[in-house]
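Data first, discussion second: the structure below is written as structure tokens.
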Number of protein chains: 2
Amino acid sequence: MRGASGNSIDIVLCTPRGRKLAVLFVRDDGKHAREKWCLPWSPANEDEPLDLTATRVAQRAAGSRAAWLSQAGAFADAKRHPGGAALSVAYLGVTPHRDDPPPPRTKWFDADDLPSLAPRHRIIVDAALAQLRERMDRAPVAFRLLGATFTLSDLQAVYELLLGRRLHKASFRRSLTAAFLVEPTDEWRSEGRGRPAQLFRYAPRKRRGGRGGPRFDVLGA
Amino acid sequence: MRGASGNSIDIVLCTPRGRKLAVLFVRDDGKHAREKWCLPWSPANEDEPLDLTATRVAQRAAGSRAAWLSQAGAFADAKRHPGGAALSVAYLGVTPHRDDPPPPRTKWFDADDLPSLAPRHRIIVDAALAQLRERMDRAPVAFRLLGATFTLSDLQAVYELLLGRRLHKASFRRSLTAAFLVEPTDEWRSEGRGRPAQLFRYAPRKRRGGRGGPRFDVLGA
DNA sequence: GACATTAGTAACAACCTGTTACTAATTGTG
DNA sequence: CACAATTAGTAACAGGTTGTTACTAATGTC
């Protein structure tokens, strides 16, 4: 059995879908599979750095490289893993929304409506989603959930998604410009009805006061 | 060789010493040891939760339970570990200062003057210390570096230690009371010269706005 | 008793945030 | 074409928060 008693690398890949976060799962057709879906994973390879394995697994599952990927901790504690791994190193990743369907045998599930999972995968997903919210103020998670250019309304929607509350437009934009995180392009996007919105790109230009690295926590009521 | 090719649990235990942070190391007298000191560590045991192993290793090395202990990630990537572990799960811990000497064969080193270490332990220490500074605004790290009661000047000194910059007394105290994190005892401590200081205890009473769990980042210029 | 030293607080100005209310540019509808 | 509906973007004000200075309080030292 692959991975038995060894270590595994398991990926929690997130994307925005509508007003919710979605997580990528892979169909598990293994003979002894007790759940239909599992996180993308692979046995750890001693000759390959953990981050590299994670990048590879994420890319294979999602069909494209994750825009951001970072370790989310080690999980063991005798809870069942789909491949029987003794210990699993979880990675948390993020990728922009795509309209085309995911690769065969994979599916995006809303974060608040997950399928039945092996106990360890359930624990990993919960921990990873909690970390996503905690880490968004020190890593450009919100920007990596969007494509190269985006409207400020798009960006605000992502922040609202991650924070779980509504923000006020004026103060959101004010603190955004104060943080020197985005710069305008000269393109505009018309979303059907209403005034077209200017497109921006992520372009951090300044260490907010220089105190302990860049920050991404944007206020806004 | 113990731990060979398996997983290990490695502890980075910190304590305040003067105006600096110190990290605990254990003398490594192993036959094949290439460095004199190493982090407290133990092979991982599949039958024991990771957190429990970590608690045990930290307690044995320091002579008392860590006041706070939390996982800091998994490290592998072919860098040499003192016990030859394929993968190491690092834990970051914190304990109040003690005047009595540490257990035999252990020693506190200033964080900015570490001994020569096995490559993986060097990487783990650097990552753990960075995390200590990042996590202090979501975990009561500063309070766990102090004993059950402390003066506000003590607390301010710990925050300054962690942040690496001086804070202003008035605004530090103002934001501290606004956060409802401490409550006064009716004891006072005289530190030699100067007015005696009131002792406080850590007593979080309120979720700062209720937004995403308690916070511990105190401002103060 | 004067002085040095540390603890603790009051008060003010400058800045920042939350909010409201406005203007601007587009699509859809009669 | 006029006008409502809708979304984008900005101005401006009130109230709160922060950084800073300056003060008072309590102790040990000379």
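Below, chain A is the first sequence line, B the second, and so on; all start at residue 1.
- The ring pair (Phe, Tyr, Trp, His ring centres under 6.0 Å) analysis of residues 171-196 of chain A, with sequence neighbours excluded, yields the pairs Y159(A)-F172(A).
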Between the protein and nucleotides 24-27 of chain C, which nitrogen or oxygen pairs come in under 3.5 angstrom?
| unit_1 | atom_1 | unit_2 | atom_2 | d |
| --- | --- | --- | --- | --- |
| dA24(C) | O4' | R195(A) | NH1 | 3.2 |
| dA24(C) | N3 | R195(A) | NH1 | 3.3 |
| dA25(C) | N3 | R195(A) | N | 3.3 |

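- Scored by the side-chain contact (heavy atoms from CB on, under 4.5 Å) test, D77(B) finds P49(A), L50(A) as partners (sequence neighbours excluded).
- The nucleotide whose nearest atom lies closest to any side-chain atom of A170(A) is, among dG18(C), dA11(D), dG9(D), dA11(D).
- Picking from dA8(D), dG8(C), dA10(C) the nucleotide with the shortest atom distance to the side chain of R173(B) gives dG8(C).
- Separating the NZ atom of K169(B) from the C1' atom of dT18(D) is a distance of 17 Å, rounded to the nearest angstrom.
- The side-chain heavy atoms of V57(B) and R60(B), taken from C-beta on, include no pair separated by under 4.5 Å.
- The distance between atom CZ of R166(B) and atom P of dT20(D), rounded to the nearest whole Å, is 13 Å.
- The separation between Q156(B) atom CD and dT6(C) atom C1' is 12 Å, rounded to whole Å.
- A side-chain hydrogen bond (donor to acceptor under 3.5 Å, both in side chains) with R189(B) holds for exactly one of T151(B), T149(B), D154(B); it is D154(B).
- Remark: H168(A) is in phosphate contact with dT19(C), judged by side-chain N or O atoms under 4.0 Å from OP1 or OP2.
- If you take CD of E191(B) and C1' of dA4(C), they are 17 Å apart, rounded to a whole angstrom.
- Judged as a side-chain contact (heavy atoms from CB on, under 4.5 Å), and not counting sequence neighbours, the contacts of S171(B) are H168(B), R174(B), A221(B).
- In this structure, R189(B) atom CZ and dG8(C) atom P are separated by 11 Å, rounded to whole Å.
- For R174(B) against dG8(C), no side-chain N or O and base N or O form a donor-acceptor pair under 3.5 Å.
- Shown here are the side-chain contact (heavy atoms from CB on, under 4.5 Å) partners of R144(A), two or more places apart in sequence or in another chain: A67(A), W68(A), V94(A), P140(A), Y202(A).
- Among residue pairs with one or both ends in residues 92-119 of chain A, those qualifying as ring pair (Phe, Tyr, Trp, His ring centres under 6.0 Å) are F25(A)-F109(A), W37(A)-F109(A); sequence neighbours excluded.
- Every residue two or more places apart in sequence or in another chain was checked for a salt bridge (charged side-chain N to carboxylate O under 4.0 Å, His left out) with R133(A), and none qualifies.
- Legend: residues meeting side-chain contact (heavy atoms from CB on, under 4.5 Å) with A118(B), ordered by chain and number and at least two apart, are E35(B), R80(B), P82(B).
- Contact annotation for Q198(A): backbone-only contact, meaning every heavy-atom pair under 4.0 Å involves sugar-phosphate atoms and none involves a base.
- Phosphate contact (OP1/OP2 of dA7(C), side-chain N/O of S153(B), threshold under 4.0 Å): present.
- Contact check of residues 141-150 of chain B against DNA chain D (heavy atom, cut-off under 4.0 Å) returns no residues at all.
- Atom CG in L167(B) sits roughly 13 Å away from atom P in dT18(D) (whole-Å rounding).
- At whole-Å resolution of the value, CZ in F172(A) and C1' in dT10(D) are 16 Å apart.
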